[in-house]
Chemist: 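Dropping the structure in here first, questions after.
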Amino acid sequence: MVFGFDEVGHVRLFPELTWDETKGYGKYVGRWFNQQLLGTALGLVRNGKQTFHSFRHTFITACSNAEMPERLRNELAGHSRGQGEGHATYIKDRSADEQAPYIEKLNFGLLNVAPFNVTEGLKALQDALRRKR
């Protein structure tokens with residue numbers, strides 16, 4: 001892997017997503033998830049109480065329950081890292097190897113999920129990009 005690019009030449013994890021000036025890349029993902037998955041596929045009442053953003057609340061609660069340090073919890077959740085210039089600028093985020101012991105402690109009470117198939121994932125990405133064009 002060349003620094004900053006994956007093996008098929010993409011800089012971002014989900015290059016097929018479109019940027020929105022107000023809500024960034026998450027706008028269309030959240031809209032699809034809330035309407036199609038929660039509303040249509042799962043048949044949940046669309047009352048604003050269960051949304052894509054609910055995952056962030058669940059994740060942060062699980063991190064707290066696993067006694068994960070607040071700074072690491074903020075790193076993983078995409079929140080600010082603390083107050084002051086030192087926290088915001090000079091202290092770098094932990095590497096994946098440093099994060100792993102904490103992440104392994106997380107428990108969401110979910111069933112076992114099949115491992116991700118990279119080859120199939122890349123095919124799906126190429127299909128999404130083809131459809132976008």
Chemist: From S54 OG over to L38 CG, what is the distance, rounded to the nearest 0.5 angstrom?
Modeler: 8.0 Å
Chemist: Nearest 0.5 angstrom please: R56 CZ to T61 OG1, how far?
Modeler: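 If I round to the nearest 0.5 Å, the distance is 12.5 Å.
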Chemist: Work out which heavy atom in Q99 is nearest to a heavy atom in R94; give both atom names and the distance.
Modeler: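 The pair with the smallest heavy-atom distance is NE2-O, 3.1 Å.
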Chemist: Of all residues at least two apart in sequence or in a different chain, which pass the side chain to side chain donor-acceptor pair (under 3.5 Å) check with E104?
Modeler: none
Chemist: Tell me, please, which residues at least two apart from K27 pass side chain to side chain donor-acceptor pair (under 3.5 Å).
Modeler: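 D20.
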Chemist: Mind checking ring-ring contact (aromatic ring centres under 6.0 Å, His included) for Y102 and listing every partner two or more places apart, or none if nothing turns up?
Modeler: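 Once residues adjacent in sequence are excluded, Y102 has no partner under the ring-ring contact (aromatic ring centres under 6.0 Å, His included) criterion.
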Chemist: Is there a side-chain contact between P15 and L125, using heavy atoms and a 4.5 Å cut-off?
Modeler: yes
Chemist: With a 4.5 Å limit on heavy-atom distance, are the side chains of N65 and N107 in contact?
Modeler: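 No, every pair of side-chain atoms sits at 4.5 Å or beyond.
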Chemist: According to ring-ring contact (aromatic ring centres under 6.0 Å, His included), who are the partners of Y28, at least two apart in sequence or on a separate chain?
Modeler: none
Chemist: Partners of E67 by side chain to side chain donor-acceptor pair (under 3.5 Å), sequence neighbours excluded?
Modeler: none
Chemist: Check whether any side-chain heavy atom of H53 lies under 4.5 Å from a side-chain heavy atom of F55, and answer yes or no.
Modeler: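 The answer is no, as the side chains (C-beta and beyond) never meet within the 4.5 Å cut-off.
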Chemist: Could you report the tightest heavy-atom contact between G24 and W19, atom names first, then the distance?
Modeler: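 Taking G24 first and W19 second, the nearest heavy atoms are CA-CZ3, 3.4 Å.
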Chemist: Ignoring hydrogens and geometry, is there a side-chain-to-backbone donor-acceptor pair from E75 to D93 under 3.5 Å?
Modeler: no
Chemist: Which residues pass the ring-ring contact (aromatic ring centres under 6.0 Å, His included) test with F59, not counting sequence neighbours?
Modeler: none
Chemist: Test of understanding: clusters of I, L, V, M, F, W, Y form through side-chain heavy atoms closer than 4.5 Å, transitively. Do L72 and F108 belong to the same one?
Modeler: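 Linked, L72 and F108 end up in one cluster.
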Chemist: Excluding sequence neighbours, so at least two apart, what forms salt bridge (charged side-chain N to carboxylate O under 4.0 Å, His left out) with E16?
Modeler: none
Chemist: I need the full list of salt bridge (Lys or Arg N to Asp or Glu O under 4.0 Å) pairs touching residues 112-131, with sequence neighbours left out, sorted by first then second residue.
Modeler: E120-K123, D127-R130, D127-R131
Chemist: Could you tell me whether a side-chain N or O of S64 sits under 3.5 Å from a main-chain N or O of I60, the two making a donor and an acceptor?
Modeler: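 It does not hold such a pair.
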Chemist: Following the transitive rule for hydrophobic clusters with a side-chain heavy-atom cut-off under 4.5 Å over Ile, Leu, Val, Met, Phe, Trp and Tyr, establish whether V45 and F33 coincide in one cluster.
Modeler: no
Chemist: Name all pairs fulfilling the side chain to side chain donor-acceptor pair (under 3.5 Å) condition that reach into residues 42-52, sequence neighbours left out, sorted by first residue then second.
Modeler: none
Chemist: Checking Q36 now: which residues fulfil side chain to side chain contact (heavy atoms under 4.5 Å, CB included) with it, not counting sequence neighbours?
Modeler: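 Partners of Q36 by the side chain to side chain contact (heavy atoms under 4.5 Å, CB included) criterion, ordered by chain and then number, come out as W32, T40.
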Chemist: How about F116: does its CZ atom have over 12 heavy atoms from other parts shown lying under 6.0 Å from it?
Modeler: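 It does: F116 CZ has more than 12 such atoms within range.
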Chemist: Name all residues meeting the salt bridge (charged side-chain N to carboxylate O under 4.0 Å, His left out) criterion together with E98; count only those two or more places apart in sequence or in a different chain, and write none if there are none.
Modeler: none
Chemist: Can you give me the closest heavy-atom contact between M68 and L106, atom names plus distance?
Modeler: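 Looking at all heavy atoms of both residues, the shortest contact is CE-CD2, 4.1 Å.
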Chemist: Would you please name every residue forming a side chain to side chain donor-acceptor pair (under 3.5 Å) with K105, sequence neighbours left out?
Modeler: none
